[in-house]
Amino acid sequence: MSDSVATTTPTEQAKAALTFDQFGLSADILRAVSESGYTTPTPIQAEAIPVVLAGRDVMGAAQTGTGKTASFSLPIIQRLLPMANTSASPARHPVRALMLTPTRELADQVAANVQTYSKHTPLRSTVVFGGVDMNPQSEALRRGVEILIATPGRLLDHVQQKTLNLGQVQMLVLDEADRMLDMGFLPDLQRILNLLPKERQTLLFSATFSPEIKKLAATYLRNPQTIEVARSNSTNANVRQIVYEVHESDKSGAVAQIIRERELKQVIVFCNSKIGASRLARVLERDGIVATAIHGDRTQGERMQALDAFKRGEIEALVATDVAARGLDIAELPAVINFDLPFNAEDYVHRIGRTGRAGASGDALSLCSANERKQLADIEKLIKRPLEVQTLHVTAPARRDGARRDERPARGERTEHRHSAREDAGSRRRTSPGSSSYDRPRGRQQPIDEFFLKPYEPSPSAMKRQEETPEPERKSTSKQPLAALLGGLGMPRKTS
DNA sequence: AAAAAAC
């Protein structure tokens, strides 16, 4: 009984379920849960598990760190168990549950959870996302999996390559749905949804129920049960939020100083730009703090390596863009630092959700320069309370590119680092990591396959029309505004 | 404004 948890749909099950035993989950699932060290369901789990088991659609609002993944994974595994079989034939393992996430890291993490919870069952699962070789994924799909976790783009790629058939999907999870819409995934989602059987169970999780999310739900969910667990972090007393007023040019030094003064062993530092993240990571490293950047311009291998090393405790500061703001399950961070205040106040809440998890206390420390006042005001408005503002006197500015050599190193011994090429400020020829010159190709210029935009079964008239029309219209739907796309779904368009 | 995501 916690007063920080408000439920819009309090059920008897939610009140009564104090252990996982009471949901009627199979012994094989319960064994995996208890081996993972969990004994008591979180509020979202207590609410969602019975609803999902009953086969209902769900519209869920829950933050990371609330146990959201298990709240849908456990009952989905349970519902698939009667169909599980031990046959080696791929045909006996069609994809029956599909889970979509906005980022690759999140997909990987959800997949790890599903793998854990299903390990004592015959069910198979795998994950597909971009940035890595398709072939191992195709091979895993060919062998057959009941549960597939994916990011939308690579999923469609597999469908197009005919390495994946979604015709037998019975359960669909849209995780971080608001994020997916923010990222422009609506066209991809529409294509995917058109490939799924109409008869299915759909679970949509979102941090907010914006009008766009509500429209999406109205289109693709059937009589969903709404489950809402209050956003824990904005009101969470165990996260202390402090804003430090600093000059923009002092920010790097401020981060180093905060890490030292507070003796932070592990911290995530959020930046607003990829270049800024790479730059800060370099400055911190030069200052004797083991740091690595994680952002979308790094290769998938580098991203995974950075995250793994951080989880293993080998890295003190993970300098991240908002690729790491949501969903990532990094246990019990004592603090997060906002190097920049996010442009989107919603992202602030997600960022600081990386600390003070599961009852542990944490600090959310934000740097605010003179030109970030508006962001600060927006955040205070969103979380409905003023933040504690302190002035930070930066005593030992971190060295930057071009810093004079007479500045003293902040720490006696400097960690070994791989930028040995940078002996002095004179060598400027090399491209900095994080600049886009050697990054993987970006953009989605390929014309959208008409197949995906049509309803599931092609009509003979459509094939005839194709013969008559020499040049199909090539319009990049991903460039259309959200309202237009929602309008294309038969949704009311906002009048201007 | 910036970030994320398929070859």
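Keep in mind that this is a model prediction, so the values were computed, not measured. Below, all heavy atoms of this structure are taken into account, side chains as well, without hydrogens, waters or symmetry copies. Lettering follows sequence order; numbering is per chain, from 1.
The CZ-P distance, from A:Arg298 to B:dA5, rounds to 14 Å in whole Å. Taking atom CD on A:Glu176 and atom P on B:dA4, their separation rounds to 15 Å, with Å as the unit. In this structure, CG of A:Leu174 is placed 16 Å from C1' of B:dA5, rounded to the nearest angstrom. Note: CG (A:Leu186) to C1' (B:dA5) measures 14 Å, nearest angstrom. The separation between A:Glu248 atom CD and B:dA1 atom C1' is 14 Å, rounded to whole Å. For the pair A:Tyr348 OH and B:dA1 P, the computed distance is 24 Å after rounding to whole Å. The separation between A:Gln137 atom CD and B:dA6 atom P is 9 Å, rounded to whole Å. One atom, CG of A:Leu181, and another, C1' of B:dA3, lie 15 Å apart when rounded to the nearest Å.
A:Ser273 has no side-chain polar atom (N or O) that falls below the 4.0 Å cut-off from OP1 or OP2 of B:dA1. An OP1 or OP2 oxygen of B:dA4 is reached within less than 4.0 angstrom by a side-chain nitrogen or oxygen of A:Lys274. Listed pair A:Arg303 / B:dA5 meets the phosphate criterion, a side-chain N or O lying under 4.0 Å from OP1 or OP2. Distances shown here put a side-chain N or O of A:Arg104 below 4.0 Å from the OP1 or OP2 atom of B:dA6. Between A:Thr321 and B:dA4, a side-chain N or O to OP1/OP2 separation shorter than 4.0 Å is present.
Salt-bridge check for A:Arg260 with A:Glu316: failed, with every basic side-chain N at 4.0 Å or more from each acidic carboxylate O.
Residue contacts for A:Asp322: at a heavy-atom cut-off of 4.0 Å it reaches no nucleic acid atom on any strand shown.
The number of heavy atoms from other shown groups lying within 6.0 Å of CD (A:Gln305) does not exceed 12.
Counting only heavy atoms from C-beta outward, the side chains of A:Val114 and A:Leu123 never approach each other to under 4.5 Å.
Partners of A:Glu146 according to the side chain to side chain donor-acceptor pair (under 3.5 Å) rule, which considers only residues two or more places apart in sequence or in another chain, are A:His93. Residues passing the side chain to side chain donor-acceptor pair (under 3.5 Å) test with A:Thr202, sequence neighbours excluded: A:Arg200.
Taking every side-chain heavy atom of A:Phe343 into account, B:dA1 is the closest of B:dA1, B:dA6, B:dA4.
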